[in-house]
Structure formats: structure tokens, C-alpha cells
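The next block holds one structure in the form of C-alpha cells; read it before the comments.
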Amino acid sequence: LSENVFVVRGDMRIRAATISSRVFQKIFDRGRLCTVPLFRDPEGEVLPTAVGPLAPGRGGFEVQPRCPGDRETATLMPWDYCGIYRRSLHSAIGGFDPAISEPWWQKLDYGMRAWLWGEEIRVNSSLKMSYVGTSAPEDVTPSGGYRRFFLKNLAVRRRGGDASLPVSAWWAYRRGSGDGGAGPREDWKEIRDWVTR
């Protein structure tokens, strides 16, 4: 029922002694969509969990994790889904897309929609968490999740206050992905209707 929800994985440790109630209050007062902790490995090393876009090359969209800075660092996604979410803003952007089964593309879709709709996701270095064991690497393989991510975020054309998913986006996806099954066409129709709504 709270306006702010703190999501934490079971294989993480938070040092309560290092976080004061003032830190939480400042996070709540900023009213961001999501504030992500600074993550450390079991040995105490800071992990590269702030995800940002790379300089455009060959017309594609690429991102790369980097180590967060000392205070607050913008990121395109909440790493491992962990963070303090503002419930009303999370609902307003549609939350995580359950039709994307791959975590990497689901989180990136969430973050891109947040950014495109004017919301912020930031790593706050005052909020520290550590993994108890080693974390599995993210699977960034393009798949059905990438298709939904591409069509919902990269292929949308905006003009004024309107948005559309042009037919040319379908062909651009087909050319770039090599995905020729029937699933992409159904996804395109569903996502086109979603963009229109």
C-alpha cells in the first residue's frame, strides 16, 4: 500500500548501519520512478551496474554497463530489478512487460519507456548492497524480447503529442534481425495497437 516499494533479491545483503532514515527520506522526496542501489561483489568491489547508451554506430542501438559515480548516476534500467520504486509512476508507465520473458530485454524496455516518457532511474551511492555469491551474467542475446523492445521503443515515430508504429518499422526489424517467423507479424500488430492507445 506504500507509495514507495523497495525491491531486493534474496541473494543480496544490505548494511542497515550504513543507511540512515535521511537517505530514504531524500530518495522519497525526489520522487523518481526508481532509485537503484550501488552494488558490490562479495569481495566489496563496485560492480558496473549503471547502464548507458554507447555512441551511435552503424545505425544500431547499443548499451554498456559502467561503474556508477560517487553520488547519483543515471541508468537505463534497475539492475537485477532491485531498487526503490515509486508505485504510482511505475504503474503509469505500464510496469514491466510480462510478454518479454528475457530479463535483460524486459528491464531495458522498462528503462527506455521510462526515459522516453520523462521519468528517471538513478543509482544512489548512499544505498549500498552486496551480492552474497557470484551473480550470473546477463543474457543479452537478441530474441523475441528484443523484438518487442525494438518495436515498442526504437521503431516508434513521434510527432507532436502523437506516436505511431509505421509499416517501415516492421521491415527494418525483419532486415536487421533475420527473424522470419509468424510471431513477429503478430507482435507488430499488437504493439502497433498499444502505441496507438
State, yes or no, whether a side-chain contact exists between [X] and [Y] at a heavy-atom distance under 4.5 Å.
X      : Y      : value
Met129 : Val8   : yes
Leu127 : Ile27  : yes
Glu45  : Arg40  : no
Pro65  : Thr49  : no
Arg32  : Glu72  : yes
Lys152 : Asp97  : yes
Leu151 : Val156 : no

Where Ile100 and Gly145 come nearest, the two heavy atoms and their spacing:
CG2-CA, 3.7 Å

Please determine whether side chain to side chain contact (heavy atoms under 4.5 Å, CB included) holds for the pair Trp105 and Arg147, giving the CA-CA distance in whole Å, both sets of side-chain angles, and the decisive distance to 0.1 Å.
CA-CA 9 Å; Trp105 297 112; Arg147 175 174 56 238; over 6 Å; no

My understanding is that only residues two or more places apart in sequence, or in another chain, count here; which of them pass side chain to side chain contact (heavy atoms under 4.5 Å, CB included) with Thr73?
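Expected list: Ala50, Arg66, Pro68, Val123.
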
Sequence-distant partners of Pro166, side chain to side chain contact (heavy atoms under 4.5 Å, CB included), two or more places apart:
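Testing Pro166 for side chain to side chain contact (heavy atoms under 4.5 Å, CB included), a comparison that skips the adjacent residues, returns Arg157, Ser164, Ser168, Ala169.
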
Within a 6.0 Å radius of atom CZ on Arg158, are there more than 12 heavy atoms belonging to other residues, nucleotides or ligands?
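More than 12 heavy atoms, drawn from other residues, nucleotides or ligands, come within 6.0 Å of this atom.
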
Verdict with reasoning, Leu76 to Met112, per side chain to side chain contact (heavy atoms under 4.5 Å, CB included):
CA-CA 6 Å; Leu76 278 176; Met112 282 295 292; 4.1 Å; yes

Can you get from Leu108 to Val7 by hopping between Ile, Leu, Val, Met, Phe, Trp and Tyr side chains that sit under 4.5 Å apart?
yes

Flag yes if Phe6 and Val132 sit in one hydrophobic cluster, no otherwise; membership is Ile, Leu, Val, Met, Phe, Trp, Tyr, and two members link when side-chain heavy atoms are under 4.5 Å apart.
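The answer is no; the residues belong to distinct hydrophobic clusters.
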
In terms of ring plane angle, is the pair Trp104 and Trp79 parallel, tilted or perpendicular, where the classes change at 30° and 60°?
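It falls in the perpendicular class, over 60°.
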
Between Phe96 and Tyr81, is the ring centroid distance below 6.0 Å?
yes

Side chain to side chain donor-acceptor pair (under 3.5 Å) involving Asp11 - partner list, sequence neighbours excluded:
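Side chain to side chain donor-acceptor pair (under 3.5 Å) list for Asp11, sorted by chain: Arg9.
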
Side chain to side chain donor-acceptor pair (under 3.5 Å) against Glu119, all qualifying residues, sequence neighbours excluded
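So Glu119 forms no side chain to side chain donor-acceptor pair (under 3.5 Å) with any residue.
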
Any chance you could measure Lys128, atom NZ, to Ser126, atom OG, to the nearest 0.5 Å?
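Taking NZ in Lys128 and OG in Ser126, the distance rounds to 6.0 Å.
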
Taken to the nearest 0.5 Å, the spacing of Phe39 CZ from Cys82 SG works out to 4.5 Å

Can you tell me if Tyr146 and Glu102 form a side-chain donor-acceptor pair at under 3.5 Å?
no

Can you confirm whether the side chains of Thr141 and Asp139 place a donor and an acceptor under 3.5 Å from each other?
yes

Glu138 vs Lys107, test: side chain to side chain contact (heavy atoms under 4.5 Å, CB included). Steps then yes/no.
CA-CA 11 Å; Glu138 292 276 1; Lys107 290 179 291 191; 2.5 Å; yes

Pairs of donor and acceptor atoms involving the side chains of residues 190-197, under 3.5 Å and at least two apart or interchain, shall be tabulated with distances.
{"residue": "Glu190", "atom": "OE1", "partner": "Arg148", "partner atom": "NH1", "Å": "2.9"}
{"residue": "Glu190", "atom": "OE2", "partner": "Arg148", "partner atom": "NH2", "Å": "3.1"}
{"residue": "Thr196", "atom": "OG1", "partner": "Arg192", "partner atom": "O", "Å": "2.9"}

Check this for me, if you would: do Arg113 and Asp109 make a salt bridge, where the nitrogen-to-carboxylate-oxygen distance has to be below 4.0 angstrom?
yes

By ring pair (Phe, Tyr, Trp, His ring centres under 6.0 Å), which residues pair with Phe28, not counting sequence neighbours?
none

Go through Val5 and Ile84 one step at a time and tell me if the side chain to side chain contact (heavy atoms under 4.5 Å, CB included) criterion holds.
CA-CA 5 Å; Val5 179; Ile84 299 174; over 6 Å; no

